[in-house]
Amino acid sequence: TCPSLELLNKIEKSNIFNKNQLYFLPDAIIQIDEIKNKKNLINNREFDKSKKIVLAAGRLTKQKNFKYLIEEFEIFSKSQKDYILVILGDGEEKNYLKKYISSRKLNDKIYLMGRIENVYQYMRMSEVFVLSSLWEEVGFVIVEAAISNLFVISSNCPNGPSEFLDNGNHGILFEKNKKNKLSESLEAYLKLNKEKILNMRVKLKKESMKYTIFRHYLIFKNLLINEN
């Protein structure tokens, strides 16, 4: 089974498997009842409550490309002082990123929050979610952001974001790891009218429903029935 159609097509072209042995099965990411219980707002937070939040989440690793995100947000923040960047997650690059943020004097603009059990609390108070990865399947956080009504901006990396964002119709895609592309995408978001933003968020939330545990179970059950 493949979690994205893009990956399925790549495997088909490799001729490793017979096409009849390959199936598209979206990951089981969302459990609706759990989300309802996890959306309580955080009362105590370490950053300015008056600021608008650009949110990112994931392990602090090379794959997630957070240094690039920090560099691009620094560019964006020079003209957009009402926004801060909040990054959820832990990993081997944590100390490096902390030092980099301090060296650029960005401690009042960029916050590393560490590993968070309940990401939905932060998603509820944020305005935009950014995925800066060098490579990624559709990924848990991007689906969680979509179902939390966040506007999503993502790198156009293999193997799933462009598919999830319908090639940019349900969010904004930017060329991965290229200078100014992410900061320009954040600026492009600000230029969208409210109706356009709402429309894109609604479509993306609908797309996220493909990744519920219940739907995953139904598709997997049908695959087993058809195989037998």
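Given the structure is predicted, the values throughout are model-derived calculations rather than measurements. Numbers here simply count residues along the sequence, with the first being 1.
Not a single donor-acceptor pair under 3.5 Å links the side chain of K105 to the backbone N or O of S102. With hydrogens and angles ignored, the 3.5 Å screen pairs no side-chain donor or acceptor of K179 with any backbone N or O of Y68.
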Distance-only criterion, 3.5 Å: show the donor-acceptor pairs between side-chain atoms of residues 128-138 and protein atoms not counting sequence neighbours.
unit_1	atom_1	unit_2	atom_2	d
S132	OG	K64	O	2.7
S132	OG	N65	O	3.4
S133	OG	E136	OE1	2.7
E136	OE1	K64	NZ	2.9
E136	OE2	K64	NZ	3.1
E137	OE1	S4	OG	3.4
E137	OE2	N159	ND2	3.2

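Under the rule for a side-chain contact (heavy atoms from CB on, under 4.5 Å), the partners of S14 that lie at least two apart in sequence or sit in another chain are I11, I16. With sequence neighbours excluded, no residue forms a salt bridge (Lys or Arg N to Asp or Glu O under 4.0 Å) with K52. Residues satisfying the salt bridge (Lys or Arg N to Asp or Glu O under 4.0 Å) test with E207, not counting sequence neighbours, are K210. With sequence neighbours excluded, the residues that form a side-chain contact (heavy atoms from CB on, under 4.5 Å) with S183 are E72, I75, F76, N180.
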- Task: Would you please test K67 and E71 for salt bridge (Lys or Arg N to Asp or Glu O under 4.0 Å) and show each step?
- Result: CA-CA 6 Å; K67 182 174 180 286; E71 291 170 342; 2.5 Å; yes
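The shortest distance between side-chain heavy atoms of D166 and K203 does not fall below 4.5 Å. When side chains are defined from C-beta on, M209 counts as touching I147, because their heavy atoms get closer than 4.5 Å. K176 has its side chain within reach of P158: a pair of non-hydrogen atoms, C-beta onward, lies under 4.5 Å apart.
Looking at every heavy atom in both residues, Y83 comes nearest to L190 through OH-CD2, 3.2 Å.
Among residues at least two apart or in separate chains, ring-ring contact (aromatic ring centres under 6.0 Å, His included) pairs with a member in residues 163-187 are F164-Y211.
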